[in-house]
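This report refers to the structure that appears directly beneath it.
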Amino acid sequence: ETGVTQSPTHLIKTRGQQVTLRCSSQSGHNTVSWYQQALGQGPQFIFQYYREEENGRGNFPPRFSGLQFPNYSSELNVNALELDDSALYLCASSLDDTDTQYFGPGTRLTVL
Amino acid sequence: GDSVTQMEGPVTLSEEAFLTINCTYTATGYPSLFWYVQYPGEGLQLLLKATKADDKGSNKGFEATYRKETTSFHLEKGSVQVSDSAVYFCALSGWGYQKVTFGTGTKLQVIP
């Protein structure tokens, strides 16, 4: 069984730019969730996708958007980057929206 | 809304000492409870979970019991090792689309 993978590992962007982060879920997992973890804090829920449809969203603005693909991969897109978007972004996959979530290693985004 | 409160760190223990990290929660209904561990520079790993009252989750010598009457899920280990040094997150998953709500994390440092 392969784990959850994310790319890239690290990324540096400037304010106002756009970024796309990628996640590959465990095979057979129909649900992917994205979290933002600021330094020294616990992860905060951004949104969840189930079978390619958004299935719930946390308190994040619309410039945070996502996609989920049939091949168990997904993307997190962030437009108009702000300095406060600097964080570790984690994706987590699960069999369905009622199952335990398993996390990837994260992408460290730095916005200058 | 759902929330998790865990003891602040850092917690510094000598090797073979007894560990307790306190965690209490607020949630509607009957959440599932989790402990995740994050080693330096890595993502989150599921350590243990409990899905109903009085369940005991256990893994790698760590234990936690779901106490509905006190809304608690304290993490314990009888004898810690240097390799247990990490940040520990208490979390819950409520009814519905299974968004995971995390505490702020407790950093554990075990010294030889």
Pairs touching residues 101-112 of chain B that satisfy side chain to side chain donor-acceptor pair (under 3.5 Å), sequence neighbours left out:
B/Gln6-B/Thr106
Please classify the contact of A/Gln37 with chain B as side chain, backbone, both or neither, using a heavy-atom distance under 4.5 Å.
side chain
B/Phe34 ring center within less than 6.0 Å of B/Phe89 ring center
no
Which portion of B/Leu44 sits near chain A, non-hydrogen atoms under 4.5 angstrom:
both
Picking from A/Gly106, A/Pro105, A/Gly40, A/Pro43, which has the most non-hydrogen pairs under 4.5 angstrom with chain B?
A/Pro43
With A/Phe45 as reference, evaluate A/Tyr89, A/Trp34, A/Tyr35 under the ring-ring contact (aromatic ring centres under 6.0 Å, His included) test and give the passing residue.
A/Tyr35
Any salt bridge linking A/Arg15 with A/Glu82? Criterion: basic side-chain nitrogen under 4.0 Å from a carboxylate oxygen.
no
Would you mind checking if A/Arg63 and A/Asp85 are paired as a salt bridge, meaning a charged N to carboxylate O distance below 4.0 Å?
yes
When you check the side-chain N and O atoms of B/Lys49 and A/Thr100, is any donor under 3.5 Å from an acceptor?
yes
Quick check on B/Lys68: does its NZ atom have over 12 non-hydrogen neighbours (other residues, nucleotides or ligands) under 6.0 Å away?
yes
Tell me, yes or no, whether the heavy-atom count around A/Asn71 atom CG, taken from other residues, nucleotides or ligands under 6.0 Å, exceeds 12.
yes
Using a heavy-atom cutoff of under 4.5 Å, enumerate the residues of residues 8-16 of chain B that contact chain A, numbered in order, or state 'none'.
none
B/Gln38 versus chain A, the contacting section by heavy-atom distance below 4.5 Å
side chain
